[in-house]
Amino acid sequence: MMLRFDMGAFYRAVDEHRQRRGLNWVELAAEVNRPFEGNTSIPIHAATIRDMPKKRSVTSAVVLQVLRWMEAAPEDFLDGADREPMEGERLPEAGPREILRFDTGALHAALDRRRRERAMTWRQVAEELPGFTATMLTNLAGGPLIGFPRVMTLTQWLGLPAAKFVRACLH
């Protein structure tokens with residue numbers, strides 16, 4: 001059974017952490033951005049974090065940096081209250097100036113392996129993954145960004161922790 005990433009629970013946890021630390025949204029964004037100061041990446045704006053509940057999808061780069069700030073795993077926000085944690089759920093360590101990103105090429109390769117093991121077409125895979133089309137799945141090979149909660153549908157289908165597909169990089 002695939003569990004759903006609960007964006008509402010994630011946002012509530014972010015806000016709770018923020019309030020517990022006595023931060024406003026601008027200060028929160030500054031803390032989230034601090035590890036990669038001097039990096040060529042565009043900083044995450046406070047409104048991007050504050051307004052997450054208004055969006056159907058949030059860029060994985062934003063969610064991963066906020067998870068890093070909270071020292072949480074994406075699976076911490078799956079909707080299965082009684083689920084057993086998987087080994088390897090913790091996000092990888094990232095050094096100064098490094099940003100966490102999904103390796104969509106590796107994610108595509110894992111999906112393709114599973115698809116071939118099950119003798120499925122990309123269309124059949126998409127039929128098992130709510131919100132996906134076959135084209136969206138095959139386009140992952142080219143490395144587009146992917147958002148939350150959608151990316152967690154893929155890792156759940158694979159039965160693998162999201163961290164397996166997260167890399168620390170300098171840009």
Side-chain angles (χ1 to χ4, degrees), residues 1-104 106-107 110 129-132 140 144-171:
M1 179 178 105
M2 285 195 305
L3 302 174
R4 186 180 61 85
F5 183 85
D6 188 338
M7 285 298 292
F10 172 66
Y11 177 80
R12 287 187 296 278
V14 171
D15 195 29
E16 189 177 293
H17 275 69
R18 177 189 68 81
Q19 289 180 40
R20 192 175 328 121
R21 301 213 29 216
L23 302 174
N24 64 36
W25 291 103
V26 172
E27 293 165 332
L28 165 65
E31 283 199 11
V32 168
N33 288 317
R34 189 165 295 123
F36 50 93
E37 286 176 351
N39 189 304
T40 58
S41 184
I42 297 170
I44 299 167
H45 194 278
T48 301
I49 301 169
R50 182 192 63 228
D51 295 343
M52 284 190 294
K54 297 176 184 175
K55 303 189 185 316
R56 282 187 17 188
S57 178
V58 178
T59 303
S60 61
V62 171
V63 175
L64 289 172
Q65 269 42 258
V66 173
L67 285 165
R68 176 184 183 180
W69 174 77
M70 293 192 320
E71 298 180 355
E75 287 80 8
D76 293 344
F77 302 98
L78 292 175
D79 62 3
D82 59 348
R83 90 177 175 86
E84 290 291 319
M86 281 188 274
E87 186 175 325
E89 286 184 357
R90 292 289 156 215
L91 293 172
E93 293 292 319
R97 299 182 58 203
E98 289 186 319
I99 296 171
L100 297 178
R101 298 269 193 234
F102 269 99
D103 181 343
T104 54
L107 185 56
L129 298 167
F132 282 92
L140 286 171
L145 297 177
I146 187 162
F148 273 80
R150 184 172 279 158
V151 69
M152 294 302 290
T153 301
L154 301 178
T155 63
Q156 287 291 292
W157 187 78
L158 290 167
L160 296 169
K164 180 171 179 54
F165 305 101
V166 175
R167 307 286 180 262
C169 56
L170 290 173
H171 55 80

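All values below were derived from every heavy atom in this structure, side-chain atoms included, with hydrogens, water molecules and symmetry-related copies excluded.
Note that CE of Met7 is 10.5 Å distant from CZ of Arg4, once rounded to the nearest 0.5 Å.
One N or O on the side chain of Gln65 and one on the backbone of Ala61 form a donor-acceptor pair closer than 3.5 Å. Put simply, the side chain of Ser60 gets close to the backbone of Ile146: a donor and an acceptor are under 3.5 Å apart. Without hydrogens or angle criteria, Asp6 side chain to Phe77 main chain gives no donor-acceptor distance under 3.5 Å. A donor-acceptor pair under 3.5 Å links the side-chain atoms of Arg68 to the main chain of Ala94, judged by distance alone. Under the 3.5 Å distance criterion, the side-chain polar atoms of Asp51 are left unmatched by any main-chain donor or acceptor of Thr48. One N or O on the side chain of Asn33 and one on the backbone of Ala29 form a donor-acceptor pair closer than 3.5 Å.
Contact of the Tyr11 side chain with the Lys54 side chain is not registered, since no non-hydrogen atoms from C-beta on lie closer than 4.5 Å. Here the side chains of Met152 and Pro74 are in contact, with some heavy-atom distance below 4.5 Å. Within the 4.5 Å cutoff, the side chain of Pro130 has heavy atoms near those of the Thr153 side chain. Leu28 is listed as a side-chain neighbour of Val14, based on a closest heavy-atom distance under 4.5 Å. Counting only heavy atoms from C-beta outward, the side chains of Phe165 and Leu160 approach each other to under 4.5 Å. A heavy-atom distance below 4.5 Å is not found between the side chains of Glu75 and Phe5.
Relative to the ring axis of Phe132, Arg150 places its NZ or CZ within 45° and under 6.0 Å from the centre.
The one candidate from Val32, Leu67, Ile44 that meets the side chain to side chain contact (heavy atoms under 4.5 Å, CB included) condition with Val62 is Ile44.
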task = Could you walk me through whether Leu158 and Leu107 pass the side chain to side chain contact (heavy atoms under 4.5 Å, CB included) test, one step at a time?
result = CA-CA 9 Å; Leu158 290 167; Leu107 185 56; 3.8 Å; yes

ask   = What's the verdict on side chain to side chain contact (heavy atoms under 4.5 Å, CB included) for Leu100 and Arg167, showing C-alpha distance, side-chain angles and the deciding distance?
value = CA-CA 6 Å; Leu100 297 178; Arg167 307 286 180 262; over 6 Å; no

message = Leu154 vs Leu140, test: side chain to side chain contact (heavy atoms under 4.5 Å, CB included). Steps then yes/no.
response = CA-CA 11 Å; Leu154 301 178; Leu140 286 171; 3.7 Å; yes

Trace of the side chain to side chain contact (heavy atoms under 4.5 Å, CB included) decision for Trp69 with Ile49 = CA-CA 12 Å; Trp69 174 77; Ile49 301 169; over 6 Å; no

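Pro161 and Glu89 get closest at one heavy-atom pair: CB-CA, 3.9 Å. Residues Arg18 and Leu23 approach most closely at NH1-O, 2.8 Å, considering heavy atoms.
A salt bridge links Glu31 with Arg21: at least one charged nitrogen is closer than 4.0 Å to a carboxylate oxygen. Salt bridge status for Lys164 with Asp103: absent, with no side-chain N to carboxylate O gap under 4.0 Å. We find that Arg12 and Glu16 are not joined by a salt bridge, their nearest charged nitrogen and carboxylate oxygen being 4.0 Å or further apart.
The local environment of CZ in Arg56 is sparse, with at most 12 non-hydrogen atoms from other residues, nucleotides or ligands closer than 6.0 Å.
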